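The residues of the chain are indexed from 1 along the displayed sequence. Note: hydrogens, waters and symmetry copies are ignored here, and every other heavy atom, side chains too, is used. Here the structure is a predicted model, which is why all the values come from computation and not from measurement.
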Amino acid sequence: MTGATANVPVIAVAGLECRYGANVVLRDVTFSVRRGEIFFVIGGSGCGKSTLLRNLIGLHPPAAGRVEFFGESFADAGEARRRELLRTFGVLYQGGALWSSLTLNENVALPLAEYTALTAAERDELVALKLAQVGLSGYGDHYPAELSGGMRKRAGLARALALDPAVVFFDEPSAGLDPLTSRKLDDLIREIRDTLGTTCVVVSHELASIFAIADRVLMLDKSAKGVVAAGDPRELARGGNAQAREFLLRGENQP
């Protein structure tokens, strides 16, 4: 990797507008995510966090603006190149999004069958490795319904990591989890970043997670329909932005 390449943001967003029909959810959103960063998108309910995520991963085309991965526009890429770019990121959806009729082994193997030419034996070996990475060795033959909520989240993460992505997106990873299980998932996200160098983009409003593992945050606001604060959450909690301070210091939580 050259020095110039290393300095290119993993994700660069400029002037992004997100809308559903005539309803504008976000406008003029601009930010970048650095290589190896744990980057949180935060804000209150209905502020557009999940909408922004859908635009970033290509599930919903932006109404305006530009989203680049490693300096390359996803929207402007041809079909073959888009398929290559899709291999560079994984997604952990809020509910895990596992196929209930498939075992964990079969769920994790799906992207390998879709995007690689690996043999069945090679896929099996890689699936076992990915399940081990998330602490689920020995559970490959289990079905999602046989697992706890935290284990399903980890299984979804194993699938998101199947192709060794450079970026993993997390949609409310702590939703529905008790505080202890949520903390263990936070630790796993940090471990993945530290050991694999994976860039992590996390959509969340959970203060414990934000202060525990976020390097930087991007705060969205429903009324402003856009970004109202960005930076280190600990600095924002002590800073002059009243909206960010109120959000980050609500309740009994302190940085």
Considering only NZ, NE, NH1 and NH2 on the basic side and carboxylate oxygens on the acidic side, decide whether [X] and [Y] come within less than 4.0 Å.
X      : Y      : answer
Arg83  : Glu114 : yes
Arg66  : Glu68  : yes
Arg81  : Glu84  : yes
Glu17  : Arg19  : yes
Lys130 : Asp164 : yes
Arg183 : Asp186 : no

Going through the checks in order, is the side chain to side chain contact (heavy atoms under 4.5 Å, CB included) test met by Val227 and Phe31?
-> CA-CA 9 Å; Val227 179; Phe31 67 94; 5.5 Å; no
Show your reasoning for whether side-chain hydrogen bond (donor to acceptor under 3.5 Å, both in side chains) applies to Tyr20 and Thr51.
-> CA-CA 9 Å; Tyr20 297 105; Thr51 295; 3.2 Å; yes
Verify side chain to side chain contact (heavy atoms under 4.5 Å, CB included) between Leu52 and Leu218, making sure each step is shown before the conclusion.
-> CA-CA 11 Å; Leu52 176 59; Leu218 182 81; 4.2 Å; yes
Please confirm whether Arg216 makes a cation-pi placement over Phe40, using NZ or CZ under 6.0 Å from the six-membered ring centre and within 45° of the ring normal.
->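 No, Arg216 does not sit over the ring of Phe40.
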Does any N or O in the side chain of [X] come within less than 3.5 Å of the main-chain N or O of [Y], such that one atom is a donor and the other an acceptor?
X      : Y      : result
Glu122 : Thr119 : yes
Arg190 : Ile213 : no
Arg123 : Leu118 : yes

Quick one: do Cys200 and Phe39 satisfy side chain to side chain contact (heavy atoms under 4.5 Å, CB included)? Show the steps, please.
-> CA-CA 6 Å; Cys200 301; Phe39 185 91; over 6 Å; no
Option among Thr198, Thr199, Asp215 that satisfies the side chain to side chain donor-acceptor pair (under 3.5 Å) test with Arg193 =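 Result: among Thr198, Thr199, Asp215, Asp215 is the only option passing the side chain to side chain donor-acceptor pair (under 3.5 Å) with Arg193.
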Assign the ring pair Phe89 / Phe69 to parallel, tilted or perpendicular, where the plane angle (0 to 90°) is split at 30° and 60°.
->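 Ring orientation, 0 to 90° scale: parallel.
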Measure the CZ-SG distance between Phe247 and Cys47 for me, rounded to the nearest 0.5 Å.
->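 If I round to the nearest 0.5 Å, the distance is 7.5 Å.
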Within one Ile-Leu-Val-Met-Phe-Trp-Tyr cluster: Tyr143 and Leu104, side-chain cutoff 4.5 Å |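 Tyr143 and Leu104: separate clusters.
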Looking just at side-chain N and O atoms, do Thr103 and Tyr139 make a donor-acceptor pair shorter than 3.5 Å?
->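 Side chains of Thr103 and Tyr139: no pair found under 3.5 Å.
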Begin with the C-alpha distance, continue with both residues' side-chain angles, and end with the deciding distance and a verdict on side chain to side chain contact (heavy atoms under 4.5 Å, CB included) for Val201 and Val168.
-> CA-CA 6 Å; Val201 178; Val168 176; over 6 Å; no
Step by step, work out the salt bridge (Lys or Arg N to Asp or Glu O under 4.0 Å) result for Lys184 and Asp187.
-> CA-CA 5 Å; Lys184 289 181 177 178; Asp187 291 342; over 6 Å; no
